[in-house]
Amino acid sequence: MSQRAARLRVLIALAAAALAARTAAAPAQEAAAGPGSTVYNVEIIVFRAAGALGEPEDWSAEAGARIIAGAEAGGDSTQIGRFVAALPSSAWQLTELENRLRAAGTYVPVAHAAWSQTASSWGTRAGFTLDKLGISVAGLSGNVFLERGQFLHLGLSLTYAIAQPAPGLGAAPDTPFTLNESRRVRFYDRNYFDHPAFGVIALVTPAQGARPPGR
């Protein structure tokens, strides 16, 4: 595990423990319904590195980056996820984690959003643009998609041209960094999408019967 990942996982663990102490136990299993019949809440924090977090890399190699996902059974690929509504900040469950990131100084949160949606079928890569999700950050663009096959997966296809990359990255101003990844998610588990220049922490919960923040 990289040093940056280890640091961030410690912060995630601390925030998760604080939240768990205030919440009742809830099942972590995924819903059994089909992709188009269940509404999910998705919450993400996008952050960038504030300082050197590792060795410089060859960023030109990112041009061939592709989405990587775990093994998944095939299925109907005709269902497209539906955007339901943006969630107000009072319903966010990662606010304490955002505050910890900001206080640590190693990472700078640049966006925080949450919304409700249904899932697309596995393999469609059909999602929503950051603009649709209410995220407007200079240089940041891309899509977020939630897919369901045998399991539930959250995917990101993001590009972030950071005006002033962290010195330790060895990158010129406005270098575009890419983050393309899809992974299986479980309800209430915080997921860390890693990248030397920027990253995303995501949480997926069932919209029906979701635990209220701070409860």
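These numbers come from a predicted model, not from an experiment. Count residues from 1 along the sequence.
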Inset, instruction - Measure across Leu203 and Leu94 and return the closest heavy-atom pair with its distance rounded to 0.1 Å. - result: CB-CD1, 4.0 Å
Inset, instruction - Could you tell me whether the side chains of Ser116 and Asn41 share a donor-acceptor contact shorter than 3.5 Å? - result: yes
Legend entry - Euclidean distance, Thr175 OG1 relative to Tyr160 OH, rounded to 0.5 Å: 13.0 Å
Legend entry - Leu169 side chain reached by Phe177 side chain, heavy atoms, under 4.5 Å: yes
Inset, instruction - Please examine the side chains of Ile201 and Leu101, heavy atoms only from C-beta on, and report whether any two atoms are closer than 4.5 Å. - result: yes
Inset, instruction - Please check if the side chain of Asn191 supplies one atom and the backbone of Asp189 the other of a donor-acceptor pair under 3.5 Å. - result: yes
Legend entry - Contact summary for Ser120 and Ala126, nearest pair of heavy atoms: OG-O, 3.0 Å
Legend entry - Approximate separation, where rounding is to 0.5 Å, of Trp122 CH2 and Gln150 CD: 10.5 Å
Inset, instruction - Using the test ring pair (Phe, Tyr, Trp, His ring centres under 6.0 Å), find all partners of Phe193 that sit at least two apart in sequence or belong to another chain. - result: none
Inset, instruction - Might you work through the side chain to side chain contact (heavy atoms under 4.5 Å, CB included) test for Leu158 and Leu130, ending with a clear yes or no? - result: CA-CA 9 Å; Leu158 305 177; Leu130 296 186; 4.0 Å; yes
Legend entry - Check: Tyr188 and Thr205 side chains under 4.5 Å, non-hydrogen atoms: yes
Inset, instruction - State, to 0.1 Å, how close Ala172 and Pro165 come at their nearest heavy-atom pair, and which atoms those are. - result: O-CG, 3.4 Å
Legend entry - Side chain to side chain, Phe128 and Val144, heavy atoms closer than 4.5 Å: no
Legend entry - Shared hydrophobic cluster for Ile45 and Tyr192 (ILVMFWY, side-chain gaps under 4.5 Å): yes
Legend entry - Same apolar cluster: Val204 and Val84, side chain cutoff 4.5 Å: no
Legend entry - Gly123 backbone acceptor or donor facing Glu147 side chain under 3.5 Å: yes
Inset, instruction - Report yes if the side chains of Leu133 and Val42 come closer than 4.5 Å at any heavy-atom pair, otherwise no. - result: no
Legend entry - Gap separating the OG1 atom of Thr159 from the CG atom of Asn180, nearest 0.5 angstrom: 7.0 Å
Inset, instruction - Measure the CD-OG1 distance between Gln79 and Thr124 for me, rounded to the nearest 0.5 Å. - result: 9.0 Å
Inset, instruction - Measure across Pro196 and Ala49 and return the closest heavy-atom pair with its distance rounded to 0.1 Å. - result: O-CB, 3.7 Å
Legend entry - By salt bridge (Lys or Arg N to Asp or Glu O under 4.0 Å) - contacts of Glu98 (at least two apart): Arg102
Inset, instruction - Mark yes or no for whether Arg48, through its side chain, and Ala166, through its backbone, hold a donor-acceptor pair below 3.5 Å. - result: no
Inset, instruction - Please report the closest heavy-atom contact between Ile135 and Asp131, naming both atoms and the distance. - result: O-OD1, 3.6 Å
Inset, instruction - State, with a plain yes or no, whether a side-chain heavy atom of Thr38 is found less than 4.5 Å away from one of Pro206. - result: no
Legend entry - Glu181 side-chain N/O to Leu156 backbone N/O, donor-acceptor pair under 3.5 Å: no
Inset, instruction - Spell out, as yes or no, whether a donor-acceptor pair under 3.5 Å connects the side chain of Thr118 to the backbone of Arg82. - result: yes
Legend entry - Ser182 side, atom OG; Phe145 side, atom CZ - distance, nearest 0.5 Å: 4.5 Å
Inset, instruction - Could you tell me how the ring of Trp92 sits relative to the ring of His112: parallel (under 30°), tilted (30 to 60°) or perpendicular (over 60°)? - result: parallel
Legend entry - Residue pair Glu43 / Leu87, side-chain heavy-atom distance below 4.5 Å: no
Inset, instruction - Classify the ring geometry between Phe187 and Tyr40 as parallel (under 30°), tilted (30 to 60°) or perpendicular (over 60°). - result: tilted
Inset, instruction - Answer whether the closest heavy-atom distance between the side chains of Val46 and Val137 falls below 4.5 Å. - result: no
